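In what follows, chains carry the letters A, B, and so on, assigned in the order in which the sequence lines appear, proteins first and then strands, with residues in each chain numbered from 1. What you see below is based on every heavy atom in this structure, not just the backbone, and it leaves out hydrogens, waters and symmetry mates. Computed from a prediction, not measured in an experiment: that's the story for all the values here.
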Amino acid sequence: MGNVAIRAEHLSKRYQLGVGAVQHNTLRDHLMHGLRILTRRGTTQSGSDTLFWALKDVSFEVKRGEVLGIIGHNGAGKSTLLKILSRITQPTTGTADIYGRVSSLLEVGTGFHSELTGRENIFLNAAMLGMRRQEVRRKFDEIVAFSGVEDFIDTPVKRYSSGMYVRLAFAVAAHLEPEILIVDEVLAVGDASFQQKCLGKMEEVSRSGRTVLIVSHNMTVIEGLCERAILLEKGQVAKVGKTREVVEGYADAIRSQSGTAIEARRDRVGVGEILLTRIEVLDSNRHPVSAAITGRDVIIRMYYRCAKAKEFLNCRVSISVNGHKGQDLFVLSTDIVDPTPLTLRGEGYVDFILPELPLTGGAYFFQSYLESNGRAQDWIKNVAPFSVLDADYYGTGNLCPPGWEGNGVLLRYRWESSEGLPDATVSSRAHVH
Amino acid sequence: MSELNLDQEHPVVLSHVQIRPVKGLLDLDLSSLWHYRELIYILVWRDVMVRYKQTLLGVAWAMFQPIATMLIFTVVFSVMGKIPSDGFPYPVFLYAGLLPWFYVSQALSRGGTSLVGEAPLISKVYFPRLILPLSATIAPLIDLLLAFVAFVGLMAWFEVMPTWRILLLPLFAGLAAMVTLAGGLWISALYVRYRDVGHILPMFIQLGMFVSPILYPVSKVPESWRTLYALNPIVSVVEGFRWALIPGFQVDFSMFVPSLGIVFVVLIGGLIYFRSMERTFADVI
C-alpha cells in the first residue's frame, strides 16, 4: 500500500439538470415547485429533473511519483474528477484515498484581487493554494524572477496586461511543493515562450518524484509529460494504460464523435443565438467532397443559423484546423483578412477559400467559433473531421516525409547548398589571434 | 523512475485523506479551521487593504463615517426630534450605540455575501468554507477599533471620564462578533441557494437599526414589550457597549439571558446548517 498516492474506487458524481436545477435559485421557484407537486399529484413530473452523471463508477490508482494524464472531450468528466480529488465537491458515491499533501491548480490566479499589488497578490494567491507564509517569503524572489514582472511588483494588478497577470499567477503556482499536484489545463496560457518555460517547470516537477495528475487537451503535452494516461468518455474510464495507446484511443473517439451531426452536438460553448449547423468541404468547382487534396484549391463552408428576427453586428466567423494529436495548426477568421464589419441574420453560410491547401495528407479536425460584438456565440472543439489526401505539393514527385501525415503545414520555400564555409566564418576566424 | 523520491529520503508519514460522500449533520470538524488559520489571517488582511486602497483618506474613513453619522443623527433625532438619552450627552450616547451597530451591520452584510461574492474561489480551491463568513466577521473589527479611537476623542470633548468598565469592552465586542457570525452563517449559506437573500438582507439590516436601541434608550420601549424586545441579541450588544463606555449608565442585565440563549442556539444551528450545505456549495453556487 505504501507506494500508492491516490486510489479512486467507484467514484460517481450526479448533477441535476434542466428545470429542477436551473430555476430553483429563488425562494419563489421553490415554493412554486412545491405547489405544482401538490396540485398535480396525479401526473408526476419526474422527467423535469434530469439527472446527469458527470462521473460514473470511476476507479484507478496512481503510484507515488507517477505522472498521470487525464484526457477526454469537453464534458467527459475530467474537471469533475479533479474537483472531487481536490475536495472542492464531494462524490455522490464511491471513495478516494489520498496519501500526501495535495495542491490543486484548477485555474491560474485563483483569488487574485485586482486592487492589490503584485506583491500582495503573491501572498494572497499562495495562501489560497495552501502555501505557508514562511515558504512564500523564502521563495518570493524566485517567484518574481520567474514571472518576469519585477518592475511592476508594487503596481496593482489591475494595471497589468493580461500576459503579465497570467505570468505572475503561474509563477506562484509553479513554486508549490506539494506531494501531489493536480493541474487542469493551465499550460494553455501566456505566449509561446512563457508556455515553454511553464512546460519546463512541469517537467522539473514531474522529475522530482512528485505525483502529478494533469488534464490537458494538448496531446503533445500529455505525451511529453506522462507515462500513463486515462481516457474518460461520458464520465467513465474508457481506456487506461500507456500514454501512447490511450492517446490513440482518444483520436479514434474524436473521429467517431465528430461524425455526429453538428446540430445535435451538446458540447458547445457560447450564448447560442447564432449556431453553426453544418460544415462542408468543397473543391474549386464548389462540389462537396469527402476529402480535400494537398496543394489543390479548397473551400470550407460554414453554415449558420441566427435566432429569429434578430440582427447580429460585428460578427466573427472562424475555423481552425487541428492536427491528429489535437495541436492547433492554423486559424481562418473573417476579421483578420477583412476588417469590414460582418452582420449576420437569418440563415446563411461563410466560405473560406484556400488556394493550394498547404497540409500534408492525413486526418485533421476542425474547431469552429462564432462571435458577435465580442461575445462568444458558438464554440465547438473537434467539430468535424477534415481528411486530406496527400499529393505532390511541390511538383517534385515526392510526398511528405513519413511521420508527418495529418500533422504538418507545408510552406513555400527553397534551399541552396554550396561547398566550403560561408565568408562570415572565415572573417570571424580572422579576428581570432 | 530513476529519480529519488523526496519522501524516501526523509521517511515521513504521509497524511491520509479519504474522500467520500458525507451525509451526517454533526461532523463540525472545527480543527480544520486551525489548520487554515493563515488563510483566515490573509483574507482579513485583504479585506482591510482593499477597503481603503485608492482612497484619499484611507483608514480615516473608518472614523469619519461614524462621526458624520453621529452628527447628522444628533441634529435630526436629538435637536429636532427631542429624543431623550437617559440624561447623558446625546452625541456620546448615540456614538456608543453606533459603534457596535456599524460593526454589526457591516459584518452581517459582508459575512452574508461572503460566499456568493467569492464564488470563483469556492469552485476552484478547497478550504473550509467556514473561513469566508468567519474572516468577514473579523475584518470589520479593525474598523470598530478605529471608530473606538474616535470615541475616545469624543469622550474627551464632553469631558466624560471612562471607568474600569471600559476594560470589559472586548467582552461585548466578542458578543457582537458571535451575534454577527451566527447571522452570517445562516445568511451566507441561504444566499448560495436563494438569491432572494441579496434583496432581503439590506432591508433586514435597515430594520435592525430601528428594533435596536441605537437612536433611543431602552427606557423608551414600553414595559410590556421589553421581554419581546430583549430577544433581539443586538439589544444586549448595544446595552453592553453603553454600559462599558458611559460612566453611570444603567443596564438591566437580566435582559441578557434570553438574547444570549438565542445567540447560542442560532450559532450552533448556523454551524450545523452551514456544514450540511457546505458540501453542495461548489455545485450550486
Check whether [X] gets within reach of chain B through its side chain, its backbone, both or neither, counting any heavy atom under 4.5 Å.
{"X": "A:T117", "value": "both"}
{"X": "A:K13", "value": "side chain"}
{"X": "A:E9", "value": "neither"}

Which atom of [X] lies closest to which atom of [Y], heavy atoms considered:
{"X": "A:I84", "Y": "B:I19", "value": "O-CD1, 3.3 Å"}
{"X": "A:Q90", "Y": "B:R20", "value": "OE1-O, 3.7 Å"}
{"X": "B:P21", "Y": "A:G94", "value": "CD-O, 3.2 Å"}

Could you grab the distance from atom [atom1] of [X] to atom [atom2] of [Y], nearest 0.5 Å is fine?
{"X": "B:Q18", "Y": "A:D97", "atom1": "CD", "atom2": "CG", "answer": "4.5 Å"}
{"X": "B:R279", "Y": "A:R87", "atom1": "CZ", "atom2": "CZ", "answer": "12.5 Å"}
{"X": "A:F112", "Y": "B:L121", "atom1": "CZ", "atom2": "CG", "answer": "12.0 Å"}
{"X": "A:T110", "Y": "B:E118", "atom1": "OG1", "atom2": "CD", "answer": "11.5 Å"}

> In residues 35-52 of chain B, which residues are in contact with chain A at a heavy-atom separation under 4.5 Å?
Replying inline: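 Within residues 35-52 of chain B, near chain A: B:H35, B:E38, B:L39, B:Y41, B:I42, B:L43, B:W45, B:R46, B:M49, B:V50.
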>> Set out, in order, the CA-CA distance, both residues' side-chain angles and the distance that settles side chain to side chain contact (heavy atoms under 4.5 Å, CB included) for B:S123 and A:K83, then state yes or no.
In response: CA-CA 8 Å; B:S123 57; A:K83 278 189 182 177; 4.2 Å; yes
> Is it true that atom OH of B:Y273 has more than 12 heavy atoms of other residues, nucleotides or ligands lying nearer than 6.0 Å?
Replying inline: yes
> Can you name the residues that form a ring pair (Phe, Tyr, Trp, His ring centres under 6.0 Å) with A:H175, not counting sequence neighbours?
Replying inline: A:F146
